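Only one structure is covered here, and it is reproduced in the block below.
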Amino acid sequence: MSAQEKSRMIGVDVGGTFTDVFVLNEAEGTAAVAKVSTTRPDQSGGFLDGIGQQVQDLSGISVVVHGTTAGTNALLERKGAKTGVISTQGLRDVLEMRRRDRPRTWGLRGDFEPVVDRRNRLEVPERTLASGEIRTPVDLDAVRRAARALLDDGCAAVSVLFANAYANPQNEQRAVAAVREIWPNAHVSASSEILPEIREFERFSTTALNAYLQPEVSGYLGRLEEALKKGGFDGEFMIVQSNGGVMGVETACRLPVRTALSGPAAGVIAAAYIATSAGFDNVITGDMGGTSFDVSLIAEGQSMLSPQTAIDFGMVVRAPMIEITTIGAGGGSIAWVDRGGLLNIGPESAGSDPGPVAYGLGNDRPTVTDANVVLGRIDPDNPIGGKLTRLDVEAAKDAIDAHVGQPLKLDTLAAAEAILRVANSRMAGAIRLVSIERGFDPKTFAFMPFGGGGALHAGAMLAEVGIARAIVPRYPGVTSAMGCVIADMRQDFVQTINMLVATADTQALCGFMQAHTDQGMALLDAARTTFEAREVSFELDMAYVGQTHTVAVPFSVVVENGRVIPPTLAQIEMAFDAAYRATFGRLLQGGVRRILNLRSAVTGKRPKFDLSTLAPAAGGTATPKAHRRVHFGDKWHDTAIYDRLALPTGTSIDGPAILEQPDTTVLIEPHLCGRVDSFGNTIIEPRKDTA
């Protein structure tokens, strides 16, 4: 089959409850979606089932892009491989000492256990100074003995973590070569390859976690790749990174730590594209799945990137990631009353198995979804996901009454409303955290809910936070899967260079820039995909001498025919002054400027599809397919039920109303109205007669 005949692109996002699939047929300008239950412990089952619902002949697929939680789950559940560490003498405990922080800031004590047992953290003689000078050459015999000892103890992966390897990787590279002579697989990580950046703990942690994930992630992706090939697929298989870009499977197997927030990142990328296409540059996203509520902020069409994150306490990953705040307030989050009589939501979740009480699969504790079912907001005869034909409303009522109503002396409906109020309050708090607490006024932003449950809570977020409107995407339940199709290919690089600006060697700086550019372009060349354009961007971590923390300093560099033209010292100084003043409001007169790190990003811009091709036709009338009683506040309302995907462009519907589709349910509360725009999004705003 020719490349032109391969017109379908597929995005697959695996969540805690559902696996979402978005199929784009570029030739026909059509899309199809599927939502199936996530399979545990091997997520590849749901991945393949979801694709199989829409595509039987895989030979017609050009690209499959996957947003995976395999790495995230392995870290959170501590289910990575048994891993060893070979480090410089005296540094075996850096992973355990961390920054001497505590799980609870004001607690007197806290427990932490690194992913590598102390007995498997072995030391060898070697020493490289911060200047890059090698004081003690590495003892390769000691390295080989350590590697054999780790293998004998059953380690499946190993990381080599040497002091100051960012300044001169020679000792570490020689040690890694010796280990690879002995090690029976490719699961060997070196800190100078994973993160050649100053600060020992962050470099050690990122590299050790990378090794910890390699067997799990590479095995999972290998199974997927093999199954796709057996089905006739011979196109490009790519993985979403935490920075919102995509990478090839080979790179993902080598750098699995970069997939730590893969799925949520894809959702933010899709949200940014959908919102800017619809004319909204400032958006707060809310991805509500079965286990969590993920919030991110997009300003001026750009998502926020963070240089590092902690997946869980003490497990620090130093790599560019889209800033996402996660709380345990998903549809499957369990409602419970503590000993003090306070109602809580999560963080424990019923997930997909057994799922909410209404699923009838063995759970007897109420969830957020159960509350929505009892209040009539979810149709029990038409649940999303295709796993069940009917939800058990009576079982959900009994669970809410037993676990929430009776302890709080509330009737069943009041208890269900209380569950939603607490869940909404927690979600609103997360939105305030990424907006108000960072200096952004939420009134100037729109809220984009997605995930299977997000659109049920859009109105509550408008009321709780004061956001003016909500934008519900055409396919909110599979937005992250759509983001997989939209995401560009991106490769990030970092190098500590530690120069004073006044005496900086711009040619040496240019050399690092050129090396990063060449590496990134080579990875783009190796990808079997089409790019509309290629972009290279650079950023410096800079500070005044004596300061610990740095500011990110983006600056323009000319790249002609793949060659980098070095910036002048004056350009660097001007860029730093602008960034520092924007961050702190003033400069330090007489301060000496220092460049600490160079960060580079090489991006291959993938073709974007026109969202208007997914929109419904204009004209026609919006006729309810049914009516049912839905509980709002303290009373029942007769509520019109619509088939959302059949609503024509330009349709306006006053609440109360419910818009149903296979991947989600959209709730328009009594004081709100919904309008279908030219892209098929539903814009939810206050009704003019109630404003």
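Starting from 1, each residue takes its place in the sequence as its number. Since the structure is predicted, the reported quantities are computational estimates derived from the model, not experimental observations.
- Using modelled atom types, one finds no donor on one side chain facing an acceptor on the other under 3.5 Å when comparing Thr276 with Asp281.
- Classification of the Trp636-His631 ring pair by plane angle, with boundaries at 30° and 60°, yields perpendicular.
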Decide yes or no on side-chain contact (heavy atoms from CB on, under 4.5 Å) for Met482 and Ile274, but give the supporting numbers first.
-> CA-CA 10 Å; Met482 181 190 291; Ile274 293 168; 3.8 Å; yes
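- There is a side-chain donor-acceptor pair under 3.5 Å between Thr682 and Arg644.
- Contact check for Asp49 versus Thr19: no side-chain heavy atoms found under the 4.5 Å cut-off.
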Check step by step if side-chain contact (heavy atoms from CB on, under 4.5 Å) holds for Leu659 and Thr665.
-> CA-CA 6 Å; Leu659 317 181; Thr665 298; over 6 Å; no
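- Residues Glu417 and Arg377 are paired through a salt bridge, judged by an N-O separation under 4.0 Å between the basic side chain and the carboxylate.
- For the residue pair Gln406/Asp401, the side-chain donor-acceptor check at 3.5 Å is satisfied.
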Begin with the C-alpha distance, continue with both residues' side-chain angles, and end with the deciding distance and a verdict on side-chain contact (heavy atoms from CB on, under 4.5 Å) for Arg629 and His637.
-> CA-CA 5 Å; Arg629 294 199 314 157; His637 291 251; over 6 Å; no
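- Annotation: side chain of Val65 is not in contact with side chain of Val12 (no heavy-atom distance under 4.5 Å).
- Between Pro473 and Thr479, the shortest heavy-atom contact is CG-OG1, 3.9 Å.
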Verdict with reasoning, Asp381 to Arg390, per salt bridge (Lys or Arg N to Asp or Glu O under 4.0 Å) = CA-CA 5 Å; Asp381 296 316; Arg390 193 177 194 284; 2.7 Å; yes
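- For Ser277 (side chain) and Tyr273 (main-chain N/O), a donor-acceptor pair under 3.5 Å exists by modelled atom type.
- In this structure, Glu323 pairs ionically with Arg438, as a charged nitrogen and a carboxylate oxygen lie closer than 4.0 Å.
- Tyr212 places a side-chain N or O within donor-acceptor distance of the main-chain N or O of Gly80, the cut-off being under 3.5 Å.
- By the neighbour-count criterion of 12 heavy atoms within 6.0 Å, atom CD of Gln56 is densely surrounded, having more than that number from other residues, nucleotides or ligands.
- Contact of the His66 side chain with the Leu224 side chain is registered, since non-hydrogen atoms from C-beta on lie closer than 4.5 Å.
- The minimum heavy-atom distance between Val357 and Ala399, with the atom names listed, is CG2-CB, 3.7 Å.
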Could you walk me through whether Lys35 and Asp20 pass salt bridge (Lys or Arg N to Asp or Glu O under 4.0 Å), step by step?
-> CA-CA 5 Å; Lys35 184 180 281 285; Asp20 303 328; 2.7 Å; yes
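- Formation of a donor-acceptor pair under 3.5 Å by the Asp663 side chain with backbone atoms of Gly477 is found in this model.
- Separation of atoms CD1 (Ile378) and CG (Asn372) is listed at 4.5 Å; rounding is to 0.5 Å.
- Remark: the backbone N or O of Met321 is not paired with any side-chain donor or acceptor of Ser242 at under 3.5 angstrom.
- The NZ atom of Lys79 sits 9.0 Å away from the CD atom of Glu216 when rounded to the nearest 0.5 Å.
- The 12-atom threshold is not exceeded at NZ of Lys409, counting heavy atoms of other residues, nucleotides or ligands nearer than 6.0 Å.
- The minimum heavy-atom distance linking Gly331 with Met288 is given by the pair N-CE, 3.8 Å.
- The aromatic ring centres of His671 and Phe632 sit 6.0 Å or more apart.
- No donor-acceptor distance shorter than 3.5 angstrom exists from the side chain of Thr651 to the backbone of Ala622, with no hydrogens or angles considered.
- Between Phe679 and Leu611, the shortest heavy-atom distance links the atoms CD2-CB, 3.6 Å.
- The side-chain heavy atoms of Ile400 and Ile419, taken from C-beta on, include a pair separated by under 4.5 Å.
- Here the side chain of Ser435 pairs no donor or acceptor atom with the backbone of Phe440 at under 3.5 angstrom.
- Considering CD1 of Ile653 and CD1 of Ile658, their distance stands at 11.5 Å, rounded to 0.5 Å.
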From CA spacing to verdict: side-chain contact (heavy atoms from CB on, under 4.5 Å), Leu420, Val368 | CA-CA 7 Å; Leu420 294 188; Val368 174; 3.9 Å; yes
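- Between Phe280 and Ile683 the shortest side-chain heavy-atom distance falls below 4.5 Å.
- In this model, no donor atom of one side chain and acceptor atom of the other lie less than 3.5 Å apart for Thr259 and Thr68.
- Of all the heavy atoms in Gly376 and Val630, the pair that sits closest is O-CG2, 3.5 Å.
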After noting the C-alpha distance and the side-chain angles of Arg628 and Glu660, does the key distance pass the salt bridge (Lys or Arg N to Asp or Glu O under 4.0 Å) rule?
-> CA-CA 13 Å; Arg628 70 168 179 263; Glu660 295 181 339; 3.1 Å; yes
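- Between Val472 and Ile684 the shortest side-chain heavy-atom distance falls below 4.5 Å.
- Between Asn681 atom CG and Tyr475 atom OH the span is 11.5 Å, to the nearest 0.5 Å.
- The side-chain heavy atoms of Ile269 and Ile322, taken from C-beta on, include a pair separated by under 4.5 Å.
- Side-chain atoms of Val485 and Ile10, non-hydrogen and from C-beta on, never get closer than 4.5 Å to each other.
- A distance-only check finds no donor-acceptor pair linking the side chain of Glu669 to the backbone of His457 [under 3.5 Å].
- Atom CZ of Arg426 and atom CD1 of Ile327 lie 4.5 Å apart (nearest 0.5 Å).
- The heavy-atom pair separating Pro449 from Ala455 by the smallest distance is CB-N, 3.9 Å.
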Please test Ser349 against Ser333 for side-chain hydrogen bond (donor to acceptor under 3.5 Å, both in side chains), starting from the C-alpha separation and ending with a verdict.
-> CA-CA 4 Å; Ser349 172; Ser333 294; 4.9 Å; no
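- Taken from CG in Leu614 to CG in Leu645, the straight-line distance is 10.5 Å, to the nearest 0.5 Å.
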Verdict with supporting geometry, Glu348 and Arg365, salt bridge (Lys or Arg N to Asp or Glu O under 4.0 Å) = CA-CA 11 Å; Glu348 186 179 0; Arg365 293 182 294 170; 2.7 Å; yes
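- Ring geometry for Phe447 versus Phe293: interplanar angle of 30 to 60°, hence tilted.
- Under 3.5 Å, the side chains of Thr367 and Asp370 contain a donor-acceptor pair of N or O atoms.
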